[in-house]
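Step one of this worksheet: look at the structure below.
Values below: every heavy atom of this structure, side chains too, minus hydrogens, waters and symmetry copies.
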Amino acid sequence: MYLVCGEALFDVFMAPVGTAHNRLTLDAIAGGSPFNVAVGLARLGTPCALFTGISSDPMGQQLRQVLSKEGVEGRYLVPFDAPTTLAMVALGDNGVPSYSFRGEGCADRLPRDEHLGVLDDEARGIHLGSYSLVTTPIADTLLALVRRESGRRLISLDPNIRLNVEPDVLRWRERIEAFAERAHLIKVSDEDLALLYPGETPENVARRWLQGGSELVLLTRGGAGAQLFSRQHGELNEAARAITLCDTVGAGDSFQAALLSYLHEQRLDSPTALAGITREQSQALLAFAVEAAALTCSRRGPDLPHRYEFA
């Protein structure tokens, strides 16, 4: 089982109503990057649980229902009498989303060390990402968790930068480097690395992380496909799939869920096993993740694929 850690919220898609410029239609979809990854894992048949704060308000209750229906284990959900985060999403003409967040003091930011407790052996891996890496108190809770567990469990990291939640790039850089020191697998987009390290090429950052504790660093490049940097096997590449693009919301989360699911299927979901991944397995891992992202990009919103949808 993977324990996915981080935010749970509603993505609220905004669109004008016809020619009435003073009105909007709002369409809310359960989301948040870690929430999406957990749902994506469950849809791929991979056991998982989500550790996050969940509001007792109606939206929080709805989030619980979604997770339960999707098959995500709920025992690590922490209830709070605090609001549910809302991410307001506007889509550009190219299908790329822009976000603004209503999240200060909301439930998904509130878990502390005492809300998690000791993990049992069922949790073979831990995945973390997005603004939960920088918003306290959950950011401190997750960093303590990773430092405690990285010697025993597979640690997966996706920075997923959100400057409209925390605009301080230096804080993002400091926190991500702290998590990256203990992560065995890092997935990151070229856009995120451009924000974090504008003076470095993405390839140099990936190779630098490999010199730490990471075995694999995966770099997504949108329509240009993806790259895998391996401590053992060097650099591998995979072209993007030819699709009719709807939007890119949830594409990175689909990619991430596919990575973790493949490792589970191949019994590579431990630090020791990942260190022994073959070149052929690495290429298959990359191809599976690219296909998952393409399926999500072909439809609206974070609608992550089920296992039966793959060729």
Original post:
Hey, are Asp81 and Ser56 close enough side-chain-wise for a donor-acceptor pair under 3.5 Å?
Top reply: yes
Original post:
Is any side-chain heavy atom of Cys106 less than 4.5 Å from a side-chain heavy atom of Pro83?
Top reply: yes
Original post:
Under 6.0 Å from the CD atom of Glu166, do we count more than 12 heavy atoms belonging to anything else shown?
Top reply: yes
Original post:
Is the closest basic N to carboxylate O distance between Glu149 and Arg182 below 4.0 Å?
Top reply: no
Using residues 3-14 as the side-chain source, report each donor-acceptor pair under 3.5 Å to any protein atom, sequence neighbours left out, with the distance given to one decimal.
from, atom 1, to, atom 2, distance (Å)
Glu7, OE1, Ser132, N, 3.4
Glu7, OE1, Ser132, OG, 2.7
Glu7, OE2, Ser130, OG, 2.6

**OP:** Show your reasoning for whether side-chain contact (heavy atoms from CB on, under 4.5 Å) applies to Leu259 and Lys187.
**Re:** CA-CA 9 Å; Leu259 293 177; Lys187 190 277 287 183; 4.0 Å; yes
Original post:
In this structure, are over 12 heavy atoms from other groups packed under 6.0 Å from Glu114 atom CD?
Top reply: yes
**OP:** Report yes if the side chains of Leu260 and Ser156 come closer than 4.5 Å at any heavy-atom pair, otherwise no.
**Re:** yes
**OP:** Using the salt bridge (Lys or Arg N to Asp or Glu O under 4.0 Å) rule, take Arg173 and Glu200 through it: C-alpha gap first, then chi angles, then the decisive distance, then the call.
**Re:** CA-CA 13 Å; Arg173 192 180 302 161; Glu200 285 189 74; over 6 Å; no
Original post:
Taking the inter-plane angle between the rings of Phe101 and Tyr131 on a 0 to 90° scale, is it parallel (under 30°), tilted (30 to 60°) or perpendicular (over 60°)?
Top reply: perpendicular
Original post:
Is the backbone N or O of Gly103 less than 3.5 Å from a side-chain atom of Arg109, with the two atoms forming a donor-acceptor pair by type?
Top reply: yes
Subject >> Short side-chain to backbone donor-acceptor contact, Ser261 and Ala257, under 3.5 Å >> reply: no
Original post:
Can Arg43 and Glu70 be counted as an ion pair, charged N to O under 4.0 angstrom?
Top reply: yes
Original post:
Is a side-chain N or O of Arg153 found less than 3.5 angstrom from the main chain of Ile126, in a donor-acceptor match?
Top reply: no
Original post:
Going by an N to O cut-off under 4.0 Å, is there a salt bridge joining Asp140 and Arg112?
Top reply: no
Original post:
Judged by atom type as modelled, is there a donor-acceptor pair below 3.5 Å linking the side chain of Ser254 to the main-chain atoms of Leu304?
Top reply: no
Original post:
Does the side chain of Asp253 come under 3.5 Å of the side chain of Ser33 through a donor N or O and an acceptor N or O?
Top reply: yes
